Amino acid sequence: MFDGVDLHALASAVQTPCYAYSATAIRQRIAGLQAAFKGLDHRICYAVKANSNLAILQLMAQHDVGADIVSAGELHRSLRAGIPAERIVFSGVGKTAEEVDAALTAGVWRFNVESHDELHVLQQRAAMHGVCARAAVRINPDVDAQTHAKISTGKAENKFGVSIDEARRWFDEAAGMSHVRLDGLHAHIGSQILSLDPFRRALRRVEDFRRELVDSGHVIGSIDIGGGLGVAYRPGLDRPIPVQDYAALVRETFADFRGTVVLEPGRYLVGEAGVLLTRVVRVKEGEGRHFLVLDAAMNDLLRPSLYDAWHDIVPLHEGRETVRYDVVGPVCETGDTFARDRALPRCRAGDLLMITGAGAYGASMSSTYNSRPLAAEVLLDDGRYAVVRRRQTLAEMMAGEQLPQAWNET
Ligand code: LLP
């Protein structure tokens with residue numbers, strides 16, 4: 001049972017592979033975070049990239065959670081799901097002029113600006129639209145988030161943000177900008193962070209810089225502390241930061257700050273609230289290895305292939321002896337491996353398994369590689385379920401493709 005729904009019945013009704021998300025679990029995470037920050041002027045802007053299904057975004061909207069977006073596509077989704085523009089922050093190193101236009105037209109709350117060139121694009125586009133864009137500078141605080149290299153963003157060598165030295169120059173320059181109000185600081189140092197120390201170091205740098213700016217006459221209205229709170233992929237082994245401790249650190253660090261603290265959690269709100277349901281296609285005996293071949297693959301859940309990420313694999317049957325399996329998908333890549341040498345109760349073709357911790361960066365990172373249609377997604381809520389993305393059909397998968405009909409010359 002997951003959020004009161006029988007997963008065997010669900011898998012029969014919806015077929016596999018299929019993502020299932022618990023609305024109850026997501027609501028609990030939202031409420032827990034809101035409670036931890038109660039009394040502090042703050043806004044939670046959910047990082048849409050973690051799980052951008054419209055139903056998940058609608059759940060956020062229903063609980064006054066805004067959005068942290070990184071593309072015009074995420075803007076479109078967020079607005080469609082009912083998240084008001086004034087609760088949307090726009091991050092990302094490569095915002096195009098068209099995307100800036102779309103965000104200005106929608107009236108998003110603020111832009112997290114990541115380069116000097118972008119600051120000028122913003123000024124120019126805002127002037128064209130006759131509006132004043134509110135902006136924060138994304139600081140690269142040069143701290144090691146102590147997480148996987150591919151999801152670290154706060155080291156000087158990463159592409160994200162700018163140094164404090166550069167940011168200092170921006171504030172002097174922006175004072176003369178007619179259509180940009182630069183009055184915010186932003187820092188996001190990485191993802192799946194399980195220790196407070198990197199946050200402590202990064203936030204301290206941000207706060208020291210804020211004080212320096214205020215001393216030199218600048219006004220800072222918001223500090224965006226990014227996302228990054230880790231979750232327990234290995235329950236009992238991974239020890240996520242208690243959200244109260246995180247909130248206490250924020251309160252303490254910014255005790256002198258009179259403005260809005262912005263949070264951009266993604267994984268924390270949805271990661272543990274989702275599972276990927278999959279069936280065993282067959283068991284294959286290899287040279288000294290037992291392969292468990294699933295109907296889910298790296299195109300459905302990329303994290304194990306891309307980051308060697310651990311996800312628990314839980315068969316929904318018991319009472320059989322333990323076998324050590326290499327758990328793989330059907331895609332033609334050796335990297336299409338969910339786990340190696342994983343101890344599981346013996347499995348047979350047709351058995352149902354769930355891959356846990358799949359609510360964040362699961363469906364949102366999926367593709368149709370090997371021409372495998374996108375999996376279905378289902379929202380569960382206290383004993384009921386609703387399909388919130390039907391399984392892609394082959395026709396939908398190929399929509400937009402066409403054989404060359406007319407050849408153009410440039
Ligand atoms: N804010 C910004 C500016 C971000 O770039 C991200 C994530 C977040 C917030 C949310 O971070 P979270 O709270 O979810 O850690 N695909 C990877 C994670 C990439 C994260 C990218 N940025 C994974 O599956 O682990």
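In each ligand, atom 1 is the first atom listed, and ligand 1 is the first ligand listed. Quick note: residue numbers are just sequence positions, from 1. Since we're looking at a predicted model, the values are computed, not measured.
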Original post:
So does R384 have more than 12 non-hydrogen atoms from other groups sitting under 6.0 Å from CZ?
Top reply: no
Subject >> Subset of ligand 1 atoms that lie under 4.0 Å from at least one heavy atom of G227 >> reply: 9 (C), 13 (O)
**OP:** Keeping the roles fixed (side chain from Q192, backbone from T147), state whether a donor-acceptor pair exists under 3.5 Å.
**Re:** no
Original post:
Y307 vs H148 aromatic rings, parallel, tilted or perpendicular, using cut-offs 30° and 60°?
Top reply: perpendicular
**OP:** May I ask you to check whether P265 has an N/O atom sitting below 3.5 Å from an N/O atom of ligand 1?
**Re:** no
Subject >> Proximal ligand 1 atoms for E264, defined as those under 4.0 Å from one of its heavy atoms >> reply: 1 (N), 2 (C), 3 (C), 8 (C), 9 (C), 10 (C), 13 (O)
Original post:
More than 12 non-hydrogen atoms from neighbouring residues, nucleotides or ligands closer than 6.0 Å to NE2 on H8, yes or no?
Top reply: yes
**OP:** Answer side chain, backbone, both or neither: which part of M365 comes under 4.0 Å from ligand 1, heavy atoms only.
**Re:** side chain
**OP:** Enumerate the atoms of ligand 1 whose separation from the nearest heavy atom of R138 is less than 4.0 angstrom.
**Re:** 3 (C)
Original post:
Is the NZ or CZ atom of K95 positioned over F111's six-membered ring, under 6.0 angstrom from the centre and within 45° of the axis?
Top reply: no
Subject >> Polar atom proximity, H186 to ligand 1 (N or O, under 3.5 Å) >> reply: no
**OP:** Check each atom of ligand 1 against the heavy atoms of R267 and keep those under 4.0 Å away; list them by number with element.
**Re:** 12 (P), 13 (O), 14 (O), 18 (C), 23 (C), 25 (O)
Original post:
Do we get R29 above Y268's six-membered ring, with its NZ or CZ under 6.0 Å from the centre and within 45° of the axis?
Top reply: yes
**OP:** For the pair R372 and D300, find out whether any cationic side-chain nitrogen is under 4.0 Å from an anionic carboxylate oxygen.
**Re:** yes
Original post:
Counting both backbone and side chain atoms, is some N or O of Y268 under 3.5 Å from an N or O of ligand 1?
Top reply: no
Subject >> G228 N/O to ligand 1 N/O under 3.5 Å >> reply: yes
Original post:
Counting heavy atoms only, which of G161, G190, S191 comes nearest to atom 12 (P) of ligand 1?
Top reply: S191
